[in-house]
Amino acid sequence: MSHGWWLGVALLLPLAPRPLAAQQDSAMSRAFELERRGNYSQAVEAYRAILAARPADASALLGLERALTPLGREGDILPQVRAALAVLKPSPTSGAVFGVALRAWAAAGLPDSLRPVAERWAAMAPGDETPYREWGAAALGQRDRAGAREAYARAREQLHRSDALAPEVAQLNFADGDFAASLREWLPAIRRVSGYRTSAVSMLSQAPDSLHPELLSQLSHERDLAARRLEADLRARWGDPQGALESLQDALPADTALAVEALRGLADQLRTVPGRDGRAALGRILEQIADRTREPERSRTRLEAARAYTAAGQRDAARRMLTGIADDRSAPGTIAAGASSTLVQVLIGEGKLDEAARRLAEHRNEMGADEYAPLERRLVQAYLQAGDLARADSLLTGDSTVDGLALAGRLHLYRGDIAGAIERFKAAGPFAGDREEATERTGLLALLQPIEADTVPALGQALLALARGDTSHAVAGLDKVGGDLPADKGGAEVHLLAGRLAAAAGKPSDAERMFKAAAVPSAPGTAPAAELALAELLLDQRRPAEAVAQLEHLILTYPSSALVPQARRRLDEARGAVPQT
Amino acid sequence: MNRREFLARGAAGVLALSPSLATSLRGFRLASSAPWLLVPMDDAQSDHLKAYGLTFRMLERGGRAEWFLNYRSGSFLLPADDAITRDAALNGITVEPLEDSRLVDIRGEIQGGNMDAVPLEKVPKVAVYAPPNAAPWDDAVTMALNYAGIRFEKVWDPEVLGSKLKTYDWLHLHHEDFTGQYSKFFLNYAGSPWLVDMVNSNRAMARQMGYPSVPAEKRAVAVAIANYVQRGGFLFAMCTATETLDLALAADKVDIAASYADGTPMDADASQRMRWDEALAFQGATLELNPTIPVYSDIDGHQVNSPDRRQPLGSFSLFNFSAKIDPVATMLVQNHRQVIPDFYGLTTSFTRKTLKPSVTVLADEPGAPWVKYIHGEHGEGTWTFFGGHDPEDPQHQIGDVPTDLSLHPHSPGYRLILNNVLFPAAKKKELKT
């Protein structure tokens with residue numbers, strides 16, 4: 001054989017007919033690619049070509065349905081559907097063909113054609129709910145609720161099961177606004193498949209308040225766990241976390257795993273419930289979960305329970321949880337450290353500062369520096385507020401961080417050491433603490449800097465009283481200090497602060513006197529702010545004429561003050577030139 | 001009055017102020033001993049709207065001023081005295097001390113360009129036509145006057161139908177419906193408390209004044225207002241007061257009110273029977289006969305409350321007039337902006353096809369079939385119509401929060417309103433056009 005003959009065979013091979021299956025696969029791939037590219041018109045033609053050869057090809061029929069939908073030509077599929085049904089035989093893919101047929105008839109506005117298709121499908125799949133579910137879905141797709149209800153009723157009749165398609169009927173009842181009927185369907189649905197509980201809660205929780213008693217009464221007649229869990233979830237959603245807890249409590253099964261699953265389900269609901277009651281109930285649920293689980297899950301859950309109790313203001317319960325973890329040698333180190341940290345915060349909040357200090361010292365080695373230092377500073381702050389300056393001082397010793405310096409500044413201030421406070425506030429700079437603390441510190445610096453005396457113990461005591469929330473003594477103290485200091489050496493600034501505190505405390509006549517003491521020409525840095533504060537006080541007192549005179553005085557006397565635009569705005573409001581804001 | 005008299009009168013005004021002023025002036029001194037203050041109205045001005053109030057109050061104190069038309073966007077020349085300087089400082093108004101020598105230079109500049117100096121010597125007595133229960137923040141002119149600090153009095157139907165109107169130099173019409181159809185909101189807003197109030201108060205007033213219906217009473221009010229202008233009054237109207245005033249005037253023996261307003265339906269041939277010779281600005285308009293559509297006629301170009309006819313907002317341009325030949329028109333368009341964003345009102349604009357030939361267009365939207373701001377004479381007086389409701393609230397919906405003009409101190413739209421307030425203060429000159 002010559003080389004020339006072989007070459008001729010090789011050239012002819014591509015022209016030989018390919019096997020039929022390979023051709024069909026290729027046609028399917030091409031149709032799918034056209035559809036993927038968004039070329040729906042050509043995809044339609046490609047799918048039709050396949051269906052011409054194989055009318056019951058489910059993949060091609062589904063592809064044709066997909067390609068026609070974006071073109072808005074859903075009804076064009078009817079000839080192919082008829083052809084497919086004509087040749088359809090039972091197979092694993094015949095359900096898909098029936099599904100397309102149901103949707104096609106529904107879209108074509110031929111609801112009477114749905115039932116024969118569904119029943120033919122049901123005959124091929126005895127005992128299966130799917131034909132009726134698809135029939136109902138096709139009807140619902142056309143907003144035909146009566147058609148869907150007919151499909152579900154037919155299913156129950158044919159399958160001899162009163163709970164057949166219960167989730168579908170429940171949703172239909174919900175759509176009709178019949179919450180009681182929806183609940184009746186959801187219960188058997190959840191009993192069969194517990195995963196339906198989320199949908200049931202989501203829908204039933206939308207019931208109007210007036211229906212809650214009726215639905216809860218309906219649930220109270222059911223004794224099983226599914227009903228209790230549904231009741232608990234609904235009560236949680238309806239803002240009754242305590243009731244939710246009690247509903248579940250009595251029905252918890254002896255089986256630990258089942259009980260924990262039920263408790264966790266309610267915990268998930270309670271996490272979305274705002275308010276102290278919700279947090280308290282969550283704490284109790286988590287505590288019960290912790291009692292039923294092992295380490296490390298137990299400590300982690302107790303820690304979360306402690307946080308929930310803390311948020312609920314139940315410090316004793318929180319401390320009980322935290323102490324348990326902190327003292328539990330089997331608890332993982334990181335969780336124990338976290339518990340200790342939270343416990344120290346709880347103890348500080350309760351004012352048990354010495355116990356907090358002891359706990360902090362005990363767990364120092366388990367905590368990282370980033371966790372320990374803020375806690376220590378919080379403790380210092382608490383000691384400062386409690387007036388125990390010596391204890392605060394001892395804890396601060398050696399802390400040279402900017403946050404530590406900021407606290408040291410306050411310590412010196414409360415002792416009346418003005419020079420020492422200024423030095424430390426300056427060293428702390430503008431970045432220590434959060435924005436609010438930094439702003440407050442800057443305000444304190446502005447208050448202290450005009451004062452020439454190195455020590456003013458009375459000012460320290462007044463500011464300490466203020467830090468402790470004793471506004472009455474703070475105002476009296478500041479008023480006296482303001483009177484003792486020359487106006488241009490801090491007296492005006494101290495009087496301004498005292499006036500603001502008095503105004504906030506509802507003592508307008510005291511505030512007015514103090515603002516006037518601050519609004520003196522010898523303190524031009526303070527006077528504009530004092531005059532503006534006085535004018536605002538007068539406006540609040542419904543004395544607009546006096547306020548106008550005060551504002552005019554401010555604008556004309558201190559025309560370059562940064563407060564002039566604000567004063568003009570107030571002036572416009574006082575005169576009625578602009579609406580009140 | 002020579003300059004010495006001018007300054008003496010200014011000083012007298014200062015002395016008339018309360019003793020408390022002396023106290024508040026303790027820390028305040030004139031920055032300069034220059035005899036004049038220039039109130040610039042270009043972008044150097046920090047509060048354009050309050051600058052009008054400053055000039056107005058100076059006139060109130062018996063002083064004189066000059067309006068430098070087209071000089072630095074319509075600046076004012078005021079005598080430099082403590083009262084004015086104090087007023088400017090309190091209100092944050094920019095004033096520039098001016099020496100005599102510099103003033104001579106400015107006058108030369110004015111003489112050589114399209115500018116003029118108009119003396120302002122009479123403080124106009126201002127009235128705002130508004131129902132007694134109208135909120136102070138519901139009317140752009142009231143807001144502008146309040147913000148600028150210009151004194152005004154409120155009048156309503158009893159004052160207009162009585163004899164009080166003649167005591168005022170300038171009258172502004174609140175967005176009133178002079179066809180007596182309650183802004184044609186009667187059917188669409190039935191039951192709204194504000195509408196119930198409006199209907200009740202108008203019906204009570206019609207009964208009190210002895211008219212059979214609100215439309216009949218409102219037409220009588222419209223005629224009284226037209227007579228006021230005829231006798232020499234200055235009229236300024238905005239929004240729907242413009243269109244409905246003319247519709248009411250032209251509806252002589254024609255029923256243009258829906259049956260809910262007067263018990264009888266509109267005349268089917270109302271458009272054909274209107275007597276436009278009795279109207280101030282418009283002619284040949286076609287009336288909207290459907291009582292449920294809150295539109296009166298095709299005078300309004302934008303038809304804001306008719307979804308299928310509503311036109312989008314554009315912007316309108318002020319015309320440039322010869323200051324020396326047309327000082328009145330020039331005064332009315334003094335502004336630091338020549339193109340201003342448009343704003344809706346129940347009547348937003350005026351279609352060109354319905355304008356009488358004698359109307360002077362002060363501002364229009366180039367290329368659009370409507371204009372925005374018009375002016376004209378009627379007998380001895382003048383009228384000015386400005387379409388739209390609130391220049392700084394372009395969409396203006398019922399129930400919107402009130403406009404706070406301290407946030408819009410440079411509003412060019414509001415400047416147009418205040419030009420109108422000050423224009424009657426100008427000493428009348430014989431117009432050459």
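Every chain is numbered from 1, with letters handed out A, B, ... down the list of sequences. Source: prediction; values computed, not measured.
- Atom CZ of A:Arg73 is surrounded by more than 12 heavy atoms from other residues, nucleotides or ligands within 6.0 Å.
- Surrounding CD of A:Gln449 are more than 12 heavy atoms belonging to other residues, nucleotides or ligands, all under 6.0 Å away.
- Rounding to the nearest 0.5 angstrom, the gap separating the OG atom in B:Ser406 from the CZ atom in A:Arg568 is 12.0 Å.
- Test A:Ile555, A:Val564, A:Val548 against B:Leu90 for side chain to side chain contact (heavy atoms under 4.5 Å, CB included) and you get one pass: A:Ile555.
- Of all the heavy atoms in A:Ala577 and B:Asn146, the pair that sits closest is CB-O, 3.3 Å.
- Of the possible polar contacts, none joining the A:Arg575 side chain to the B:Tyr147 backbone as a donor-acceptor pair under 3.5 Å is found.
- A 6.0 Å sphere centred on NZ of B:Lys164 holds more than 12 heavy atoms belonging to other residues, nucleotides or ligands.
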